[in-house]
There are 2 protein chains.
Amino acid sequence: MRESNLGLVLRAVRENAPCSRADVAAVTGLTKATVSSLVADLMAHGLVRETGAAPERRVGRPGVMLALDGRRIAAVGLEVNVDYLTVVAVDLMERELLSRQVPFDAGAAGDSSRSAAARDDSRSAAARAEPRSAAARPDPRSAAARPDPRSAAARAEPATERLAALVRETLADPLLSGRTVLGISVAVPGLVDSPAGVVTDAPNLRWSGFPLRDRLRALLDAAGLGALPLLVDNDANLGAVAEYRSGHLAHTPDLVYLTGEVGIGAGVLVNGRPLRGSRGFGGEIGHIPLARRPRCGCGRYGCLEALAGVQAIVRRTVPDLVPAGPVTGSLVATAVAATVERARAGDADVLHALSRAGGWLGRGVATVVNLLNPRAVLLGGYFVPLAPWLLPPCTAELDAHVIAPDRGGCQVAASTLGLTAAARGGAAALVDALDTGRLPLPPPLPPTTAGTTP
Amino acid sequence: MRESNLGLVLRAVRENAPCSRADVAAVTGLTKATVSSLVADLMAHGLVRETGAAPERRVGRPGVMLALDGRRIAAVGLEVNVDYLTVVAVDLMERELLSRQVPFDAGAAGDSSRSAAARDDSRSAAARAEPRSAAARPDPRSAAARPDPRSAAARAEPATERLAALVRETLADPLLSGRTVLGISVAVPGLVDSPAGVVTDAPNLRWSGFPLRDRLRALLDAAGLGALPLLVDNDANLGAVAEYRSGHLAHTPDLVYLTGEVGIGAGVLVNGRPLRGSRGFGGEIGHIPLARRPRCGCGRYGCLEALAGVQAIVRRTVPDLVPAGPVTGSLVATAVAATVERARAGDADVLHALSRAGGWLGRGVATVVNLLNPRAVLLGGYFVPLAPWLLPPCTAELDAHVIAPDRGGCQVAASTLGLTAAARGGAAALVDALDTGRLPLPPPLPPTTAGTTP
Ligand SMILES: [Zn+2]
Ligand SMILES: [Zn+2]
């Protein structure tokens, strides 16, 4: 009860700062005595401060004014991708404190288990060579089609070690000095069982059934950081949270965020909350079947991802720069940059390929818009630099395929959050969990520094 | 405030009956004095009664017991379809009081404007003969592709008159005698702007921009029934509400209901509430593109509805019984019954056609399941009698196309509510609106009869 009232007061200060204790009482319906006691607690934990200064006082409002304390707290968001890891730290107002990207090659990760991985691949290839009919196709969840968990874990382990190292480096960074870290979130492209902290299936990373939260906790434990709250979630959900909290269409309650990576995922907000479905597996847009070919990484044919994912795009726009096989590592960014350059130069083949991909994207998005009637669809990740060429054919196909008049009022735009959206969204989700009483308060500050005005 | 507290007490009695006033106070957090006053109001309006009888008293619970009063109130749900109109009336416990279906031929309706309709058709056909590419295809919302509102209204008018007549007959029915009617709801297969009471677009009825609520109110006014609350909503949304409140998987919070009519619509519940999207246009599943053909009623190609809608099915299963052109009126039910008969007799062509349709249905549903991860998908309408043949191929394709393991925990089943689901759901939505303070209380009963035990 007190926890949730602390959150109530914290949100009231967030939304009304600068505001007096009396203002908070009026907004929350709590008594002034209760508010004073809760504010004292929040100040002791470095979350709220008294501003006190006259310029921030509004006429006719008595008492010392309160605001969030942006100096004490940090929330850290990590993102795993096929070609890079991202770390972002934000303060209590979700202002960016630091942001860093490090190359990461999901294709190369797990080299130590290469033989096991190669065995998986050959079995997988054999399974995929089966004739394509619902009856004859092997169950994708059968042992024959899925890598066995041991080799999946071997592939995920190096990435987890890199993540743990990134956390240690981030917490030691001077930009975060003197701050209490609320927690660490990790965004992963794939099906995530968020309450369990398990990556159920991330096909583009070739992880499955991987207990990421437990493994990361074990590694952080060894560094004396085991007590930090850890949140693992799907990258698209967290991207949608980031858009809702700080994108250029922030506070749009019915919003879809699309990750534009090797895979395509959808984060769906309904009334401002992520739509997770009954087991947290909502938002799988990447494998909407749109055509008869090409073969997709999932073993099916003609999926949205195989037609409009970044790998599919660069394979057509810069075939001279990408090898056969999965496009991973820093090559993805290089290939996207080369695509942008050639499109700007007016290369007809590149423009044609982007137009086709944008059209397929519009077809896939049309299904989402028909089902969910969102107010906005935001294209994220590598779709952002490609948006000038993807958006016109995308919106043309949307207009052709959405049943509701005027696309049901849906706006389609490129995200302004770039490649850090999911990491930022994870950090924002930690701040939101604090606001709503789902995270414990950080430890109290030393009494001499708590809540004083600098 | 009092309105919402009345609803709070009404829900407490609904969920806990038989229960004492003290029980209600404990459950709601209201004082006993407030509860007594609110209960008096609810009894005066015929919504709650004292049961008082010893057999219903639980040990150790003092005082007179309360229950909903099932004798005083009725809610009426109507449904418009391509081939029939339905009316259902339920009591305050949502028990069925009467249910009636009358044939209705959407194809024949609006005969008086046949020349205008024919003109629309020819323009439409010309527009649809354009080559199929996003750039060349005419905007489906342009004047050339849409019937003009006057002739759409002319088509909708006879149906509205039939609905008004059905309301008058229902209210005069002896089965409803002595009951106060909470309101009238109308379920329509198409895009409905529910707050405005306008049918934005119902392609299978060929209605568009039709102010159904206002027109129905005008007709009921003439019969002295103008004060009744009127609710207009999409049939799939209301079917989902019916499943949630009284289907065999009632209270499943993440649930999708599919209408199985000439059109296919989806009603999506998220946390027990209909997902409407930003303008109320969510749930459009019928035009998910799955193949290159055949042409759909919407002018596009290979839509789910054109492959697995009831009209598409009976055209293949009983081609000898259905003419070219739209299958409407009582012919739909006849053709479905003949299909069931031939399938039971083992007709290979019929079984093959049902298997194909079920497979396409599974493909379409897979996209919904991938996006929303519902706990259950319920097949309604004419899919119910066809379910023994549609479900096996449907679930096989679902297994092949859903990315989450075990279909994300999703169960697919035939509705047990039959062809009255949407009408029942509309009546239930009226009862729910009363429970949640969104409908005014019905007028008080004469003082001598209020709340007495028979
Ligand atoms: Zn795929
Ligand atoms: Zn269609």
Side-chain angles (χ1 to χ4, degrees), chain A residues 133-135 137 139-141 190-191 200-201 203 208-209 252-255 266 268 270-271 273 275-290 292 298 300 359 362-363 366-376 393 396-397 399-406 408-410, chain B residues 133-135 137 139-141 190-191 200-201 203 208-209 252-255 266 268 270-271 273 275-290 292 298 300 359 362-363 366-376 393 396-397 399-406 408-410:
Chain A
S133 86
R137 207 175 323 149
D139 181 344
R141 289 168 303 288
L191 297 178
T200 306
D201 193 18
S208 69
T252 300
D254 296 295
L255 172 157
V268 177
V270 175
N271 295 328
R273 291 269 148 208
L275 184 156
R276 296 183 177 278
S278 68
R279 290 195 184 169
F281 294 150
E284 271 296 333
I285 184 185
H287 305 279
I288 288 182
L290 293 173
R292 289 166 184 265
C298 74
R300 299 176 188 84
R363 293 274 203 118
T367 292
V368 178
V369 171
N370 278 327
L371 277 173
L372 305 176
N373 185 213
R375 182 75 194 74
E397 284 294 321
D399 285 337
H401 288 277
V402 172
I403 304 294
D406 304 321
C410 180
Chain B
S133 86
R137 207 174 324 148
D139 181 344
R141 289 171 303 288
L191 297 178
T200 307
D201 194 18
S208 71
T252 300
D254 296 294
L255 172 156
V268 176
V270 175
N271 295 327
R273 292 268 148 209
L275 184 156
R276 296 183 177 279
S278 67
R279 291 195 183 168
F281 293 149
E284 270 296 333
I285 185 184
H287 306 279
I288 287 182
L290 293 173
R292 289 165 185 268
C298 74
R300 299 176 187 83
R363 292 276 204 117
T367 292
V368 178
V369 171
N370 279 328
L371 278 174
L372 304 175
N373 185 213
R375 183 75 195 75
E397 284 293 323
D399 285 337
H401 287 277
V402 173
I403 303 294
D406 303 321
C410 180

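This is a predicted model, so every value here is computed, not measured. Note on naming: letters A, B, ... go to the chains in the order of the sequence lines (proteins, then strands), and numbering restarts at 1 for each one.
- Looking only at distances, no side-chain donor or acceptor of B:Asn370 sits under 3.5 Å from a matching main-chain atom of A:Glu284.
- For the pair A:Arg375 (side chain) and A:Gly409 (backbone), a donor-acceptor distance under 3.5 Å is present.
- A:Pro405 places a side-chain heavy atom less than 4.5 Å from the side chain of B:Thr200.
- Here B:Ser278 is the residue among B:Gly282, B:Ser278, B:Gly359, B:Cys410 with the most heavy-atom pairs under 4.5 Å with chain A.
- A donor-acceptor pair under 3.5 Å links the side-chain atoms of B:Asp254 to the main chain of B:Asn271, judged by distance alone.
- When B:Val369, B:Leu371, B:Val268, B:Asn373 are compared by the number of non-hydrogen pairs under 4.5 Å with chain A, B:Asn373 comes out ahead.
- When heavy atoms are compared at a cutoff of 4.5 Å, B:Leu275 approaches chain A solely by way of its side chain, counted from C-beta outward.
- Contact annotation for A:Leu372: both backbone and side-chain heavy atoms come within less than 4.5 Å of a heavy atom of chain B.
- Side-chain contact between B:Pro289 and A:Arg363 is present, with heavy atoms from C-beta onward closer than 4.5 Å.
- Residue contact with chain B, scored on non-hydrogen atoms closer than 4.5 Å, involves the side chain of A:Leu191 exclusively.
- Contact annotation for A:Val270: only side-chain heavy atoms (C-beta onward) come within less than 4.5 Å of a heavy atom of chain B.
- With a 4.5 angstrom heavy-atom cutoff, A:Pro374 touches chain B only via backbone atoms.
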Checklist line | A:His287/B:His401 under side-chain contact (heavy atoms from CB on, under 4.5 Å): CA gap, chis, key distance, verdict | finding: CA-CA 8 Å; A:His287 305 279; B:His401 287 277; over 6 Å; no
